[in-house]
Amino acid sequence: MTESQAKTFLFEKNQNPLAASEREALLENPGFGRVFTDHMVTIRYSEGRGWHDGRIEARRAFDLDPATVVFHYAQEIFEGMKAYRLRDGGAALFRPDANARRFRNSALRLAMAPLPEDMFVQSVRELVRVDRDWIPSADGAALYLRPFMISTEVLLGVKPSSDYIYCVIASSVGSYFKGGAPAVTLWVSENYTRAAPGGTGEAKCGGNYAASLAAQAEATREGCEQVIFLDAVERRYVEELGGMNVFFLFDDGSLQTPPLTGTILPGITRDSLITLARDLGLTVREEPYAIDRWEADAKSGRLTEAFACGTAAVVTPIGQVKGRKYNFTIGSGGAGQVTGKLKAALLDIQNGRAPDPHGWIDRLF
Ligand SMILES: *Cc1c(COP(=O)(O)O)cnc(C)c1O
């Protein structure tokens, strides 16, 4: 740690880290979100004192009063990002400044104390440096970082909390979908919507996920992997999946994705792919796309590929779409060519195999 960072975070090394042999065994096949590292970051906030008591310490349970605000009114936000192993053995974050900005916006939407963006980036960088041995090096594997913030005032009255804990935990991960399926099947949610205008759709908060789970359970019952949500007003325009943005590719070589109108989470993968697609010479439109249009275009062959994207699952081809009224296949039902090209372009930058013309890589060591 540099001197200024050491002042921000008190470092208390975990006295009982997992043995190297056990860690290596876990990293062989980590799955997603079940293998955790030895340390965590915490920073506290209280009205009057502001942000204070930043620490990197052994990962441990929180001790919280049952009347803590977060348990009752869900004042909680989070981020998801990855530290990537580079070819030369080093490691890097991908656009951490963009996560820091989004975290700040999410905090403001949920009336929480915004964490200074430089403190966010520094906290993630330091945790990765401390737990660097947990970054897997297999293809597609990474160290997933989960910064989050909870309200910690003890009160059943309804108002923004006066106290918060910001925390970062890290999890060694392999690929998101079991078995690395070539394409996912989506379930069109006609009973449930994810976000309405003026709601919290563009904030990354746990509440959005809680609200999506009944739809996800319905999808699972119908034999589909993920839900595709329609807009809450007309129930007509395709918005996004429960935790991923969506793109459509046409036979004229153009790419389309729904616009950010407040009900869609502004994905950093989404934003990066728009830039990379333009670099590759594709025309990109951010325009609404109706579900009936999608079905007609898939059936006529005008639509050739579709994919979902996000930090966790990277780029995932969409093979089939089902619903009470819908049942159609995209292209051959497998992974499309342009989708593969875009995915490779992104992963090559993230893993240091390609130049980084947009300055997205934040090298840590
Ligand atoms: C996090 C998230 C995404 C993807 O965002 P990335 O920054 O690309 O990881 C998309 N949709 C929702 C609802 C999300 O929570």
Side-chain angles (χ1 to χ4, degrees), residues 32-33 74 76-84 93-107 109-110 117 120-121 124 140 142-149 168 170-171 173 175-177 184 186 189 192-196 199-216 219 225-232 237-247 257-277 286 306-316 318 339 342-343 345-347 349-350 358 360 362:
F32 195 94
E76 188 269 357
I77 57 169
F78 66 96
E79 270 301 323
M81 51 207 290
K82 281 176 175 170
Y84 300 88
L93 295 170
F94 183 72
R95 307 185 67 184
D97 51 321
N99 294 94
R101 198 171 326 120
R102 188 168 69 189
F103 195 66
R104 185 188 154 80
N105 291 338
S106 298
R109 178 62 185 84
L110 273 88
E117 290 170 45
F120 176 100
V121 173
V124 175
L143 185 65
Y144 185 79
L145 284 318
R146 170 51 61 86
F148 66 100
M149 192 195 327
V168 191
S171 173
V173 300
S175 86
Y176 187 77
F177 289 107
V184 293
L186 302 187
S189 180
Y192 305 104
T193 58
R194 194 193 82 93
T200 55
E202 65 182 345
K204 209 166 173 75
C205 60
N208 288 341
Y209 279 72
S212 76
L213 294 178
Q216 180 61 44
E225 276 101 355
Q226 291 280 315
V227 181
I228 182 84
F229 286 101
L230 304 177
D231 78 283
Y237 295 104
V238 179
E239 297 231 299
E240 64 170 315
L241 281 63
M244 279 178 270
N245 296 116
V246 63
F247 280 86
T257 191
L260 301 178
T261 51
T263 54
I264 291 176
L265 200 287
I268 295 159
T269 316
R270 173 190 181 279
D271 183 75
S272 307
L273 288 170
I274 289 174
T275 301
L276 290 177
E286 293 179 69
F307 62 86
C309 70
T311 298
V314 196
V315 170
T316 303
I318 298 166
T339 301
L342 284 167
K343 179 178 180 176
L346 181 65
L347 285 174
I349 295 177
Q350 290 172 335
H358 303 288
W360 287 339
D362 178 39

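Only heavy atoms go into these numbers, but all of them, side chains included; no hydrogens, no water, no symmetry mates. Whatever order the structure lists them in is the order used to number ligands and atoms, beginning at 1.
Distance alone, capped at 3.5 Å, is enough to place a donor-acceptor pair between the Gln216 side chain and the Glu225 backbone. In terms of modelled atom types and a separation under 3.5 Å, the side chain of Lys82 and the main chain of Thr311 share a donor-acceptor contact.
By the 4.5 Å heavy-atom criterion applied to side chains, Thr200 and Arg109 are counted as neighbours.
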- [ ] Apply side chain to side chain contact (heavy atoms under 4.5 Å, CB included) to Ser106 and Lys204, showing your working.
- [x] CA-CA 6 Å; Ser106 298; Lys204 209 166 173 75; 3.9 Å; yes
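Among protein heavy atoms, the minimum distance from atom 9 (O) of ligand 1 is reached at Thr311 OG1, 2.6 Å. What sits closest to atom 3 (C) of ligand 1 on the protein, heavy atoms only, is Gly243 O, 3.4 Å. Closest protein heavy atom to atom 8 (O) of ligand 1: Thr269 OG1, 2.6 Å.
Atoms of ligand 1 found under 4.0 Å from any heavy atom of Arg102 (numbered from 1 in listed order, with element): 5 (O), 6 (P), 7 (O). Close contacts of ligand 1 with Gly267, meaning ligand atoms under 4.0 Å from a residue heavy atom, involve 5 (O), 6 (P), 7 (O), 8 (O). The contact set between ligand 1 and Glu240, taken as ligand atoms under 4.0 Å from a residue heavy atom, comprises 10 (C), 11 (N), 12 (C), 13 (C).
Within the 4.0 Å heavy-atom criterion, the part of Leu265 lying near ligand 1 is the side chain and not the backbone.
Within the 4.0 Å heavy-atom cutoff, Gly242 counts among the residues contacting ligand 1.
Residue Ile268 places at least one N or O, backbone or side chain, under 3.5 Å from an N or O of ligand 1. Among the atoms of Asn245, none of the N or O lies under 3.5 angstrom from an N or O of ligand 1.
Remark: Arg102 engages Glu79 in a salt bridge, criterion side-chain N to carboxylate O under 4.0 Å. With respect to the salt-bridge test (charged N to carboxylate O, under 4.0 angstrom), the residues Asp271 and Arg95 qualify.
The closest non-hydrogen atom to atom 13 (C) of ligand 1, taken over Met244, Glu239, Arg194, Lys204, comes from Arg194.
Tyr237 and Phe229 have their aromatic ring centers separated by at least 6.0 angstrom.
Between Phe94 and Trp360, the two ring planes are perpendicular [angle over 60°; tilted spans 30° to 60°].
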